[in-house]
Structure formats: structure tokens, C-alpha cells
Amino acid sequence: MNGFDLLDTDSGNAVVVALDHGIGMGAMDGFEDPQATLDAVLAGEPDGVLVGPYFAERFADTFAASSTDVLVTADFVSPSSQPGEDVGPWVQANAFDTDRLLACDPVGVKSVLAFGRQNRRAFERNVEYVTEITESLRGTGVPHLVETVLWGKEVPDRFETDPQYVANACRIGWELGADVLKAPYTGDRESFEPIVANAPVPVMILGGPASGSVRAMLDDVAGAMAAGARGIVMGRSVWQTEDPAAVIDALDGIVHDGADPATAWSV
């Protein structure tokens, strides 16, 4: 175990729902009304939610009435310079300084380390600000979650969960100072287990676009947990469902109690 409040649960694991998509993607389906979506998620009592610092500020009263911890995202990441579109090169920048992030009293700060960029300077800036965030959080007790993803056009989509690519990305992530890794699940326990075992920091899995199958998502979570993952940081796979609270309840059973997905989700 470690001293991070993020993982200070009875199981040592955490269920975190990502709600930071509006920063770079706008009013997404299922997230048009931020208060309604936040309320639907908090009704499931996840261990944490990941939001932007100004989202945390705007809905401070809602969070204060909840037992759910807040994590904040440090960067702006968008698939286009056109709002809500996916038609151009990715735009990414460190959007919030450390003082602004820490003012939210978070249990974690997240940044994205994206591989596969065609623009070398964009990747260099990404590495620079990831390491800057790491150094700025040193001694604060707030862990830096680094989301290691393979989004660039230099990496074909089929390799986004390739075990060797994921292993390499995770290794670079913690070598750059990640306290916790937010990584893609490779699809099976056998290939993911050595990635988790070889990382000297906790590994949590990300979600990505909703697949439309809650049960398939839960099966992946169960596989990742069996491989040694310490929980999940997922967004659309939760709040784009008909009943986010029920999905969170099922995730709690798997992440904290090792429940079988068939038992946790009998819908």
C-alpha cells in the first residue's frame, strides 16, 4: 500500500469516474447538463471523480454534500481546434497551474502523456509539462496520475492496447515521475499482469469510448483487477449508460470485493 488518500480505502483500490471530458470535448452526449450528470454519478458513491478545477469550483456545494473525493485534471486535450469536432490534429496544453489545482484540495492530479504524435515539438512540450507537474507536486502528498495513451496518427488504432506498446508507455510514464499510472487495459489478464507487476507504482485502467456493453466493460475490469490493477478511472462507460449509479455499484463490487461480473451485473 502507499500513503495516498486516493487509495486509502478498505481494499486499497479505487473506483474513480472521469468527468473532465467537457474541457476539451464540449457538451458530449450524456454530459450536456453538468449538474444532472454529476448528480447521477455521485448517487453511485464512487470513491472519486476526476474533473477540471473550475468544474470543481462551480459545483463545490454539490461536492461538499458528498463523500466522494475530487481529483483534478491539469491539461486541455482536444481532438480538434473546432469545438466538439474530431477533424484535425490533437491540441494539447498544460491549462492550469499547480496552485489552481491544489486549491481544489484534490486527492490526485492527472495529466496525459500521449504517444504517436506526428508533431515532434508537440510531444516534447507534453513531456516537459508532465515532468513539470511531477516536480510541482513533490512534497504536497498529492499524487500525479499520468495517463499513458497511444492516440497519435503514428500509432495505428489496433496498437492502442497492444501489450508491448502499453508496457513501453507505462515504463516511460513512471520514469517521468508518475505516482499512479492510468493505462489502457490490454484485453486479457495474461498480457496485463506483467505490466502491473513490473511497475513500481499503482496501475489503474482507463475506459475510453463507451462500447455499449456494460457487461463487456465489467469483464475487462475484472480481468485487470485479477492482474493486479488498483482500480479504474472511467468516464463515458459509466455516465453514458442508462443508470450510472447501478454501473458504479457493480464496479464497486468488482474493484473492492472481487465480485464476479455475472454476479455484480445481472441486468
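Proximity of a side-chain donor or acceptor of T131 to a complementary backbone N or O of V127 within less than 3.5 Å is detected. Looking only at distances, no side-chain donor or acceptor of D75 sits under 3.5 Å from a matching main-chain atom of V77. Looking only at distances, a side-chain donor or acceptor of N126 sits under 3.5 Å from a matching main-chain atom of A114. N198 places a side-chain N or O within donor-acceptor distance of the main-chain N or O of P194, the cut-off being under 3.5 Å. For S191 (side chain) and D188 (main-chain N/O), a donor-acceptor pair under 3.5 Å exists by modelled atom type. Judged by distance alone, with hydrogens and angles left aside, the side-chain atoms of E32 form a donor-acceptor pair with the main-chain N or O of G30 at under 3.5 Å.
The two residues I254 and A264 make their nearest non-hydrogen contact at CG1-CB, 4.0 Å. Considering all non-hydrogen atoms of both residues, I248 and G44 come closest at CG2-O, 3.3 Å. Among all heavy-atom pairs drawn from V146 and A178, the shortest one is CG2-CB, 3.4 Å. Shown here for D179 and V142, the closest heavy-atom pair between the two residues is OD2-O, 4.3 Å. When all heavy atoms are compared, the tightest approach of S78 to G24 is OG-O, 3.0 Å. Residues V17 and P46 come closest through the heavy atom pair CG2-CB, 4.0 Å.
Counting heavy-atom neighbours within 6.0 Å of R120 CZ, excluding the residue itself, gives a total of 12 or less. No more than 12 heavy atoms of other residues, nucleotides or ligands sit less than 6.0 Å from atom CD of E45. Enclosure of atom CZ in R58 is not indicated, since only 12 or fewer non-hydrogen atoms of other residues, nucleotides or ligands lie within 6.0 angstrom.
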Mind running side chain to side chain contact (heavy atoms under 4.5 Å, CB included) on V16 and L6 for me, showing each step along the way? CA-CA 9 Å; V16 177; L6 169 62; 4.0 Å; yes
For the pair R117 and Q92, evaluate side chain to side chain donor-acceptor pair (under 3.5 Å) and give the outcome as yes or no after the intermediate values. CA-CA 11 Å; R117 300 297 174 86; Q92 184 175 0; 2.5 Å; yes
Under the side chain to side chain contact (heavy atoms under 4.5 Å, CB included) criterion, do V203 and I195 qualify, and how do the steps go? CA-CA 9 Å; V203 178; I195 295 173; 5.6 Å; no
Stepwise side chain to side chain contact (heavy atoms under 4.5 Å, CB included) test for V180 and V201: CA-CA 6 Å; V180 178; V201 299; 5.9 Å; no
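In this structure A224 satisfies the side-chain contact (heavy atoms from CB on, under 4.5 Å) test together with Y185, F192, I205, A229, sequence neighbours excluded. Every salt bridge (Lys or Arg N to Asp or Glu O under 4.0 Å) that E135 has, sequence neighbours left out, goes to R138. Under the side-chain contact (heavy atoms from CB on, under 4.5 Å) criterion, D219 pairs with R215, P261, sequence neighbours left out. Under the rule for a ring-ring contact (aromatic ring centres under 6.0 Å, His included), Y129 has no partner lying at least two apart in sequence or in another chain.
Residues T134 and L176 are not in side-chain contact: their nearest non-hydrogen atoms beyond the backbone lie 4.5 Å or more apart. The shortest side-chain heavy-atom distance between T186 and D162 does not fall under the 4.5 Å cut-off. Looking only at side-chain heavy atoms (C-beta outward), V49 and L71 stay at 4.5 Å or farther from each other. You'll find the side chain of L181 stays beyond 4.5 Å of the side chain of L145, heavy atoms only. At least one side-chain heavy atom of R100 sits less than 4.5 Å from a side-chain heavy atom of Y54. Side chains of V166 and E160 form no contact here, defined as non-hydrogen atoms less than 4.5 Å apart. When side chains are defined from C-beta on, M234 does not count as touching L206, because their heavy atoms never get closer than 4.5 Å. At a threshold of 4.5 Å between non-hydrogen side-chain atoms, the residues M225 and N13 count as touching.
One distance of note links CG of L50 with CG of D69; it measures 12.5 Å at 0.5 Å rounding. With rounding to the nearest 0.5 angstrom, the CG atom of D252 is 9.0 Å from the OG atom of S11. Note that OG1 of T148 is 14.5 Å distant from OH of Y165, once rounded to the nearest 0.5 Å. One finds the CG atom of L137 at 5.5 Å from the OG1 atom of T98 (value rounded to the nearest 0.5 Å). Note that the CG atom of L19 and the CG atom of L42 stand 8.0 Å from one another [nearest 0.5 Å]. The CD atom of E124 sits 8.5 Å away from the CG atom of N119 when rounded to the nearest 0.5 Å.
Pairs of residues two or more places apart, or lying in two chains, never qualify as side chain to side chain donor-acceptor pair (under 3.5 Å) while including a residue from residues 241-251.
Each of W239, F76, F31, F55 was checked for a ring-ring contact (aromatic ring centres under 6.0 Å, His included) with H21, and the lone residue meeting it is W239.
In this structure, F59 has its ring center no closer than 6.0 Å to that of F63. Aromatic rings of W151 and F115 (six-membered ring for Trp) have centroids beyond the 6.0 Å cut-off, not under it.
R125 has no carboxylate O lying under 4.0 Å from a charged side-chain N of E128, or vice versa, which leaves the two without a salt bridge.
Annotation: cation-pi pair R230/F4 absent, no NZ/CZ under 6.0 Å from the ring centroid and within 45° of its normal.
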Let me check something: any side-chain donor-acceptor pairs from residues 101-111 under 3.5 Å, sequence neighbours excluded? List them with distances.
from, atom 1, to, atom 2, distance (Å)
K110, NZ, D20, OD2, 3.0
K110, NZ, T73, OG1, 3.2
S111, OG, H144, NE2, 2.7

